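Keep in mind that what you see is a predicted model, and the values were worked out from it rather than measured.
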Amino acid sequence: MLYIGRQLTKCSCNLCYTVYKRGVVILRIYSIFHVKKKHQAFVYGRERLLFDLIQSSNTYEHAIHPTQEISYLCEPLDMMEIELIIQQQLGNSFSGIQTKDHQIFLMNEFKGEIQIDIFPYYIAVVCVGSRMLELDLFATLSKLSDCFIGFNKDEMECGWLKPLKFHSHERR
């Protein structure tokens, strides 16, 4: 777990080390899941329940083998496709990019830094700097699908990366 303003523990990623070394305090951590299309309408309006389910499980332990509830509600991710799309869409917007084993590290001198770890059932994101970092990522992922939902446990935030649109059909 990462702690803002305190010593970092249980994390040795390059981004967290950089944050600790620089003393940066603007740190946001997200978990992004891809809800199965057939369950999207069910989850809509119940996002907080899914958030509580995810909050109660340790997503790192369940990165490879998710809980039964998560595997029922969420799609396994095409890790290579997501990695490729992120590199293609965001690579030009960032001054530095590093990739290794489904981990992407992007740097921009004005926006900040973002680390993206792609697991079979979720994407872990650590952002340091401007909120434009996650907006860029969310816009990129929402081009792939409208079924991505993001959770920020530290700020107790959750929401769809691309807002859902439901059409009502009038009967005559």
Side-chain angles (χ1 to χ4, degrees), residues 2 4 11 13-16 18-19 24-51 53-55 59-60 63 66 70 73-167:
L2 302 170
I4 299 170
C11 187
C13 70
N14 292 334
L15 180 61
C16 297
T18 304
V19 170
V24 177
V25 295
I26 304 170
L27 176 72
R28 293 168 310 282
I29 304 167
Y30 296 92
S31 298
I32 301 171
F33 293 81
H34 189 251
V35 174
K36 291 179 182 175
K37 190 72 167 173
K38 66 182 180 180
H39 297 310
Q40 188 179 27
F42 174 77
V43 173
Y44 184 75
R46 296 179 181 93
E47 294 88 352
R48 189 59 68 176
L49 294 173
L50 183 56
F51 179 77
L53 176 67
I54 290 166
Q55 179 99 349
T59 54
Y60 187 76
I70 297 297
L73 292 171
C74 300
E75 293 277 354
L77 301 174
D78 184 338
M79 297 166 63
M80 295 298 289
E81 178 186 20
I82 291 172
E83 189 174 338
L84 183 64
I85 290 290
I86 290 172
Q87 288 176 19
Q88 288 174 343
Q89 296 289 318
L90 297 179
N92 295 335
S93 303
F94 289 82
S95 56
I97 182 170
Q98 297 174 357
T99 61
K100 181 182 178 187
D101 300 326
H102 305 298
Q103 183 179 64
I104 304 169
F105 185 71
L106 300 162
M107 297 149 282
N108 180 289
E109 63 181 283
F110 301 109
K111 294 179 185 178
E113 300 171 348
I114 185 169
Q115 180 175 318
I116 305 161
D117 293 289
I118 306 167
F119 296 101
Y121 272 88
Y122 79 102
I123 302 167
V125 180
V126 178
C127 299
V128 178
S130 167
R131 285 212 176 247
M132 290 303 294
L133 293 165
E134 54 260 40
L135 290 177
D136 290 344
L137 176 64
F138 295 168
T140 297
L141 291 174
S142 67
K143 290 176 186 175
L144 281 173
S145 170
D146 62 354
C147 295
F148 282 106
I149 187 167
F151 302 96
N152 179 336
K153 291 181 183 181
D154 293 336
E155 299 294 325
M156 300 296 288
E157 298 172 331
C158 64
W160 298 96
L161 303 193
K162 183 175 187 177
L164 301 177
K165 295 179 184 177
F166 289 102
H167 302 284

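Separating the SG atom in Cys158 from the CG atom in Leu49 is a distance of 9.5 Å, to the nearest 0.5 Å. Here the SG-CD1 distance, from Cys127 to Ile116, works out to 7.5 Å after rounding to the nearest 0.5 Å. Here Ile86 contributes atom CD1 and Ile123 contributes atom CD1; the two are 5.5 Å apart, rounded to the nearest 0.5 Å. With rounding to the nearest 0.5 angstrom, the CG atom of Leu141 is 6.0 Å from the CG atom of Leu161.
No side-chain heavy atom of Leu106 sits less than 4.5 Å from a side-chain heavy atom of Leu137. Taking the side chain as every heavy atom from C-beta outward, Asn152 and Glu134 never approach each other to under 4.5 Å. Between Phe105 and Glu113 the shortest side-chain heavy-atom distance falls below 4.5 Å. Inter-residue side-chain proximity for Ile104 and Leu90 is flagged as unmet; no heavy-atom pair is nearer than 4.5 Å. Residues Leu53 and Leu50 form a side-chain contact, since some pair of their non-hydrogen atoms from C-beta on lies under 4.5 Å apart. Side-chain contact between Glu81 and Leu144: present, with at least one pair of heavy atoms (C-beta onward) separated by less than 4.5 Å.
Residues that satisfy the side chain to side chain donor-acceptor pair (under 3.5 Å) test with His39, not counting sequence neighbours, are absent from this structure. Applying the salt bridge (charged side-chain N to carboxylate O under 4.0 Å, His left out) rule to Glu83 yields no partners; only residues at least two apart in sequence or on another chain are considered.
Between Val128 and Leu133, the shortest heavy-atom distance links the atoms O-CD1, 3.2 Å. Between Thr140 and Ile85, the shortest heavy-atom contact is CG2-CG2, 3.6 Å. Taking each heavy atom of Lys37 and Glu75 in turn, the nearest pair found is N-OE2, 4.5 Å. Between Glu157 and Phe51, the shortest heavy-atom contact is O-CE1, 3.6 Å. Looking at every heavy atom in both residues, Tyr121 comes nearest to Cys74 through CE2-O, 3.4 Å. Between Ile118 and Met79, the closest heavy-atom pair is O-CE, 3.1 Å.
Side chain of Gln87 to backbone of Ile97: no donor-acceptor contact under 3.5 angstrom is found. A donor-acceptor pair is defined here as one N or O able to donate and one able to accept, closer than 3.5 Å; such a pair exists between the side chain of Ser95 and the backbone of Met107.
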Using side chain to side chain contact (heavy atoms under 4.5 Å, CB included), reason through Met132 and Asn108 one step at a time and then give a plain yes or no.
CA-CA 11 Å; Met132 290 303 294; Asn108 180 289; over 6 Å; no

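Applying the ring pair (Phe, Tyr, Trp, His ring centres under 6.0 Å) rule to pairs touching residues 124-150 yields Tyr30-Phe138, His34-Phe148, sequence neighbours excluded.
In this structure, Phe33 and Tyr122 have parallel ring planes: the angle between them is below the 30° cut-off, well short of the 60° mark.
Counting only N and O atoms by type, the side chains of Trp160 and Glu47 include a donor and acceptor under 3.5 Å apart.
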